[in-house]
Structures are given as structure tokens and as C-alpha cells.
Amino acid sequence: MTSHATEAVLEDLLHRALHATGTGGRWTTESDDMWCRVAPRSGEQRPQGWKLHVSATAGSAPAVLARCLELLLRDESGFKFARSLERVSALNSRATPRGSSGKFLTVYPRSDADAARLAAALHRATAGLAGPRILSDQQYAANSLVHYRYGAFVGRRRLSADGLLVWYVEDPDGNPVEDRRTGRYTPPEWAVSPFPAPAAAPRPAEAESRPLVLGGRFAVREAIRHTNKGGVYRGSDVRSGAPVVIKETRPHVEADASGSDVRDWLRAEARALEKLRGTGLAPEPLALFEHGGHLFLAQEEVPGVPLRTWVAEHFRDVGGERYRAAAVAQAGRLIELVAAAHSHGCVLRDLTPGNVMVRPDGELRLIDLELAVVAEDAPLPTRVGTPGFSAPERLVDAPVSPTADAYSLGATVCFVLTGKVPNLLDEEPADRPAEERLAAWLTACAVTVRLPDGMRELILGLMRDDPAARWDPARARAALAATRPAPPATTGTVTTPPVTTEPARPDDTVGAAVAGIVAHLVDTMTPGDDRRLWPVSTRAGETDPCTVQQGAAGVLAVLTRYFELTGDPRLPAPLAAAGRWIADRTDPGSARPGLHFGARGTAWALYEAGRVLGDRKLTDHALALALAPQQPTPSHDITHGTAGGGLAAAHLWRRTGDPRLAALVADAADRLAAAADRAGPGASWPVPAEAVAEEAGKRYLGFAHGTSGIGCFLLAAASVTGRPDHRELAVAAGEHLVAHAVDVGGAAQWPAQAGDVPTAPYWCHGSAGIGSFLVRLWRATGDDRFGDLARRSAPAVVERASRAALTQCHGLAGNGDLLLDLAEATGDPAHRASAETLARLLVSEGSRRGAHVVFPNEYGDVSTGWSDGSAGILAFLIRVRHPTEPRHWMVQQPV
């Protein structure tokens, strides 16, 4: 069947059924990329209620739809279904969130009685057809494709307490309740089910305290993880007491047209483990068995940690020189591991840092061999793999070949040596070969990683685009033996970053990236879209479309700064349109607190745009938004709470001199003073239970949610109010950070909260954000304890730069902004040189799409937002190009 025919088969079934039943005049149909929606022409849809879901596989979907249409087209309840077999496969993939998986067809019954009647009829109509269990719903009956849950019928969303847009329903009193879509059936307590009570599996009361025993032999102790395909559990063999790992697969997940699914992968893994039994390369297999309709594989538990964890912990816990030596040794072990697997006739097909265990003795073991192919086995056809680690031809189901393992070996070695594999998004046109782009990235990161001579060539040799040209493990082994250690760092003191200190100079690649990002932001703006002005990634949740964090205000602020610097004639009209779009959607009567998620951050961006454009309407609206009473908040932090709103008020006071804004600054500082905990050294702000119940009492240290961001506001507040108590409290915040600093190879790092191990050195929780406050506190007080820690934050953000994402919140852009702050504060050119190094590394991961340059966020998506996308990246690169520019969302302090 052609791709076009596959795309159209389900919608064609609908149109034929409408014609055959003569009901075409009763229904409207509408399709988007994912769904085909069918709605009755008469009557309104309920806003919420009991909805029905019918599951299917790519193989069964046509039959399931045909049988459902026979019932639904003669009824009056609206429904939707996945519009193509490709979309059905996507719904059933192992990567699909458990709360969404399997929902091929959704019915919106007109009443609870209709829900019960239709569920029974659809259950009878689809009996005997294949489909996965829908984990968010209650299954109508054993082995039924029909499921139900209580939820929203129409798209009603509201902002949650943490600033994310969530679906909601209303309780009987009209109060909003979040409509959670999780992997567990959890109906509201007040929703009365109209369906027959499901049969409960009997479980003796005395058995409740006993461990679950699977296959009559394996006692489950804990879950390692739950995914759509099933769980992975730790347990023990009741016969021997030996620790085991038990893998579970659910029927029909990742099912193809032939009926193969993840259970067949688990059988393949069992065969691979059996062939490798006794070799020491992989866990010993124990048993393959069914339980409750699911297939399980029990195997020996390999002690240790996944290689991915080993890399993260070692990057965090040791200095660069020690890590490099350990990483090169680990690369050698990986080469030997793959060579040994091939010598036993095993092609791995999915070698990644998550599929290799590092034992306590340092030896490596292969795990998760579900895609492995051993001699004499017919491989399961699949395009499943791990982007970045699977060879490109593997992801289009090329024939099994050891050359694909060579690519994965190269990617895994790259990950071990540098901390990641770059996410090189597709380019349009695809003029640059992938290996050329990888080579450019390796060159850029070599400054901070200082790869041993020959390692760059080894990685590139293994990861060549042409499978036939890739190095085999034997050649990689020989190349590794010939490598020479990198020369030791010459500037690796605690006061300067361990990188080149060549003077600042214009960088054409950075300039080209700036131009490409601006073009992307200008061309992707959609003023006619009522929901979003610029495209963003919503993988981590969706925010208010007007805010700084992920909304239009963050992009507007950066484009305003760029226009102010360059006078680019393309920008006045888009800036004015963006300002109007935001102003039309921000109501001073319902101002949320915080800088990144709140109204005053939006007001900051609007005021700057209005000021630069000479637009009095925008500046007036911005001030009204800033001066409006904020919704009450128990949060203290910069992003969501009192400190963030106060910081924005301080900036706007400096712009306007309006005494009402000064009063808001003083009020915010006083509230933070009242909430401060002075029990330990300095001052800290525990998370109130009213803010986030599950985090109550935690004392975060970072800029986004903790002490350093609050301290930064208090320092700004003191310059507005002139009150010594506000300044003294900012100093006390600094003392708390001094008390909890951790020295790692001369670099200053911090845990996310007091008592934890050091976290990644980013703006949100780590050294980049904390150092940003401490350098300002040092300049304000002259106390070099703060200055010393700020300077020692620089090696932390530079040394681990190759591992970082690219963005402001958790990446190179936020890290680079700290270095530029240090360059300005200290006059040391090494910091500026380090910032330029990070800029070149960041730019090397960009992708060209015509005149645009785009970057991946942490999820591999293209986003324009401030915290996770192009706007925040552009802000840093503008500062690299224009050294005197102040940092976004910081109040400039008198020196």
C-alpha cells in the first residue's frame, strides 16, 4: 500500500460509511494533522462528562473503525478518530505518554445514559479485534477495546498554580478541577459511573502485605520505571534469593500491520540472552513467562549504574583532567564490548549509554537487548531506535549490519568523552553532510573538553555517513592505542576559566547565527493566531502565551533590544504588532505574580517595546499592568513569586521614577524579610506548603526558585528603597550560599537544595545563576568571598560546556551570560574569551533552514521561547556581539 493510500484509508472509510448510511447531511467532518472530528449538525456538546475510548492497532484500526461507524453514524454523539494508520502507530508506540496511549477513537456521549448504552454496543461490535489496554481509563470488560473515563469534552484550560495551562472540569459547585491525563484511572470522587461495576480481581486481605510474585517464582520489590510498553522491576528469585530484573511488555504496544508488537521484542531479547549465556557480556536469562496477559522476562540483575548515569555523576563529581582519563579508558572498554558481541554473532542494533551497565569493578555489561539480532535469527523489522545513537539507515529499517553498531559505538564514545551527542536537526536544503556538521561540533567543543589527539578522528571514523566507510571495532581499537593525552590546561587556576585567553574579536559564525535567528523569529510570527504569537515547544507543559518564560513577552524583549542596537528596518512593524497582540490579551484586573510566569515580566517587555517605538499606548498599558494588584502568592521566588514581581517593579521604577513602583518594591522586600529563615548561616526561604505541597520546606539555592534569585532582588530593592535592612538581607542570602558551596576540582558548585549533591551548573539551580547573584553582591559590597565564589563558578560552567543544552534555563546561553557578567565585573579577558567559546559551541549545533537558523531544545524540538528556545539564545549571542549590553531581566546596579 502506498504512503498516500495509507494516509487516506481511515478517512475514506468514514466517507463511504456516510454515503452508505445516508447520514452525510447529519454530520460535519473536520481533519487536522492528528484527528478526524465528526460532529452532529444539531445540538450542542456537553462541556464534560463520561467519555468513551476505543483502542486499536495499525492492523485492526480499519475494522475497528468500520464497526464503530455502523453504530455511531446512526446515533447523535460526536466522536473523533486518529486520521491515519501512521497516527494510530504513533498513539501505540512505546514512547507515547501512558496517559495518551491507545486512544484511537473517542466518543462524546450526549448523556450518561447514552454513554452506558454506547459502551455496551461498541463492546459487542468490536469483540475479538486487537487493541491495547488504555491505562488512563477503566476497561469496560475483560479483553474489551472499549474504555471510559470522566473528563473534559471541550477545550477548557486555565493556568495552574505553577503557571502552566491545564485542562479542567468543574465540580458540582462550579469549582475548577484539573483534568489529569495520567497512566492511571482516577475519576473525580463526585462523578457517579453509569457503567456496570468492573469485575475486581480477587486478592486475599492477608496477601496485601506480601510482595507480588510473578511466574510463581519472582518477587517484585520495586519499579525501576513505567513506560507505555510496560514496567521494569527489581525483585528476587524466591528459589535462590538472588536479585533479578523483571521486564514487562503489554499486548499490542508498538504493533505493526503484521501483528508483531513489543512482546516479540522481548522474546527476541530472551533469545539473544540465551545465545550470550556464560559469556559475561550480558545478564544471564532466567525465565520467559506470561502473567495476567502480559509477557515477562526475568534476568540476572547486573550491579552498578547505567553508563549514562556514570557519565553524569563523573562530569559532576570530578575535575576535567581526572574525568578525561577515566573517559578514555571507558571508550576502550566500549570498543572491546562491541567487538566481543560481534564475535559471538550478535548485532546489537540499539547500543546507547542507557543500554550499557558499568559494574562496581568498572567492567561493562550489555542490557536491554530487545532489538539485538543473533546468528540464525530472523530480525524483527523495525524503525525503532534512539535518535542520535542509532545509525540513520537503522531508523528507516535498513538490513541488519554490524556497520550500524559502529555508528552507535562512535556516538556512545562521543557521549562518554564530551557528555552528549549533538542534536543536529534536519537542514533545508540538506547541503551539509551530517559528518561534516558533527566534525564542526567536535572542533568547537574540543576547546573545553581537550580531546586526546586522535579521538576526534576515531569518533568521526565510526560515525561516517556511508556505512561501508565506517571503522570497525578493530580499527577503532588500533586508533585508540595510538592516541596521545591532551596537553594539560595552562589556565586552570581557580580564578580563570581553563580555556584560551585570546582577545575578543568578531565571529562571523556568531553573526550569521544572530541574523538567522532574527529571520526565524520575524518570519514565524503569527499575529492572526489567537493562541500563540510564536511557535513553542509544549513538551514540558504550556504556559500563558504572553509571558516571558515561554510566551510572546520573552521574544518581544529580545527583538526590541536587537532593534535598539541595529535599527533593523524589518522590526518596527513586527514589534508594534507583537505589542498590540500581548496588550489585547493581558488584563490588569487579573495579574499573576512572578517575573517569568507573571504579569510584571510581561509589563517589562511591553514597556521597553513601547519606549523604543515611541508608542504611548504600549507604555501606558505596561504601567497599568505593573501597578495592578497581583494575585496573592505564597511563592517567594523569581519565576513565580514575590521576588520576580519586585524585580520587574524595580526596573520599571528606574525607567519612570514612579513612586508607586518604588512602593511595590519596598512591599515585596518587606514580605520577603518577614518570610526569611535566619536559623542557619545567613538567610534562606523554605518553600511554603501553600505554594507546592510536595516541596514544602525545601530550601532551594538557585536563581529561578531559591536564595540567589531572591537575594538578587533584595540587592536591587536596597538601591531603590535606600534601606540598610534590605541590603543586609541580600548579604545574608549571600552568606547562605557561601556556607553551601562545594569545591569540585577548583570550581564552585552548589546543590539544588542544601544537603544534596551538586547539581548541573545552570541558571535555574546551579553555578550559572548563583554566580550571577554573587558577582553583583561582590560589586555592591566589596566582599571578596562573594567575588571568589563568583569567579570560581566560571570553571564549572565552562568545563562541562560540551554536555550542556543550548538554552537560557538549562544551557549554554545562561552559562555564557554569567561569563559576560564576570568579564564586565573583573575586566579579565579570559571570561570574555570563555563566553565566545561557549557561543561558538552553541552555534555549531544550529541548523540552517533557508535564511533561518534554528536550535533544538532539551527535547529536540524547535522552540522560540525565552527559557527553552531561540529568544534566550539570541539574547546571549547579542551580548557576545555587543559587549557593553546589559543582561536581560536584571536591574542594573549602581557601582
Side-chain angles (χ1 to χ4, degrees), residues 418-420 422-424 437 439-450 491 496-521 558 561-562 565-566 761-763 767-768 771-772 793-824 828-848 852-857 866-888:
T418 69
K420 78 172 185 180
N423 191 340
L424 302 176
R437 298 172 66 196
W441 182 82
L442 286 169
T443 298
C445 77
V447 178
T448 59
V449 176
R450 294 197 305 282
T491 58
T496 57
V499 296
T500 177
T501 57
E502 61 190 25
R505 64 184 189 281
D507 190 319
D508 290 338
T509 61
V510 172
V514 167
I517 298 171
V518 172
H520 176 65
L521 294 176
V558 182
R561 178 76 60 84
Y562 182 77
L565 287 168
T566 66
Y762 300 142
W763 172 85
S767 299
S772 296
S793 298
V797 303
V798 171
E799 193 170 59
R800 293 153 181 80
S802 62
R803 178 171 170 75
L806 310 180
T807 54
Q808 276 283 341
C809 194
H810 302 134
L812 293 176
N815 290 6
D817 269 328
L818 165 66
L819 296 170
L820 293 173
D821 290 348
L822 286 167
E824 178 188 359
D828 187 343
H831 295 301
R832 177 159 184 81
S834 295
E836 290 186 335
T837 294
L838 265 60
R840 286 189 287 270
L841 177 58
L842 191 161
V843 166
S844 70
E845 207 166 336
S847 297
R848 304 169 189 165
H852 299 179
V853 175
V854 298
F855 296 89
N857 68 3
W866 165 265
S867 68
D868 72 337
S870 299
I873 292 170
L874 177 60
F876 165 56
L877 296 181
I878 287 173
R879 288 187 75 198
V880 171
R881 303 278 291 175
H882 299 272
T884 61
E885 277 305 295
R887 186 168 176 177
H888 274 83

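All of these numbers come straight from a predicted model, not from anything done at the bench. Throughout, residue positions are numbered sequentially from 1 according to the sequence presented.
In plain terms, the two heavy atoms of Ser772 and Ala768 that are nearest each other are OG-O, 2.6 Å. Closest heavy-atom contact between Trp763 and Arg887: CD1-NH2, 3.6 Å. The nearest pair of heavy atoms linking Ala835 to Leu820 is CB-CD2, 3.6 Å. Across Leu521 and Leu874, no two heavy atoms sit closer than the pair CD1-CD2, 3.9 Å. Across all non-hydrogen atoms, the minimal contact from Ser802 to Cys445 is CB-CB, 3.9 Å. Considering every non-hydrogen atom in both Val853 and His520, the closest pair reads O-CB, 4.1 Å.
With hydrogens and angles ignored, the 3.5 Å screen pairs no side-chain donor or acceptor of Arg561 with any backbone N or O of Glu885. Using a distance-only test at 3.5 Å, with no hydrogens or angles considered, a donor-acceptor pair links the side chain of Arg832 to the main chain of Val880.
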Under 3.5 Å, sequence neighbours excluded: what are the donor-acceptor pairs made by side chains of residues 806-816?
unit_1 : atom_1 : unit_2 : atom_2 : d
Gln808 : NE2    : Asp817 : OD2    : 2.9
Gln808 : NE2    : Gly872 : O      : 3.1
His810 : ND1    : Glu858 : OE2    : 2.9

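One distance of note links OG1 of Thr418 with CH2 of Trp441; it measures 3.5 Å at 0.5 Å rounding. In this structure, the separation between CG on Leu565 and CZ on Arg881 is 11.5 Å, given to the nearest 0.5 Å. Between the CD1 atom of Ile873 and the CD1 atom of Ile878 there is a distance of 12.0 Å, given to the nearest 0.5 Å.
In this structure, the side chains of Leu842 and Phe855 come closer than 4.5 Å at one or more pairs of heavy atoms.
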Exercise. Tell me, with the steps shown, if Ile517 and Val558 meet side chain to side chain contact (heavy atoms under 4.5 Å, CB included).
Key: CA-CA 11 Å; Ile517 298 171; Val558 182; over 6 Å; no

Self-check item: Steps toward side chain to side chain donor-acceptor pair (under 3.5 Å) verdict (Ser847, Arg437)
Solution: CA-CA 9 Å; Ser847 297; Arg437 298 172 66 196; 2.7 Å; yes

Quiz item: When you look at Ser793 and Leu818, which way does the side chain to side chain contact (heavy atoms under 4.5 Å, CB included) test go after all the steps?
Solution: CA-CA 9 Å; Ser793 298; Leu818 165 66; 3.9 Å; yes

Quiz item: Is there a side chain to side chain contact (heavy atoms under 4.5 Å, CB included) between Arg879 and Asp821 once you walk through the steps?
Solution: CA-CA 10 Å; Arg879 288 187 75 198; Asp821 290 348; 3.0 Å; yes

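Glu845 and Lys420 are joined by a salt bridge, as a carboxylate oxygen and a charged side-chain nitrogen come within less than 4.0 angstrom of each other.
For the 3.5 Å distance criterion, the side chains of Arg800 and Thr448 fail to qualify, holding no donor opposite an acceptor.
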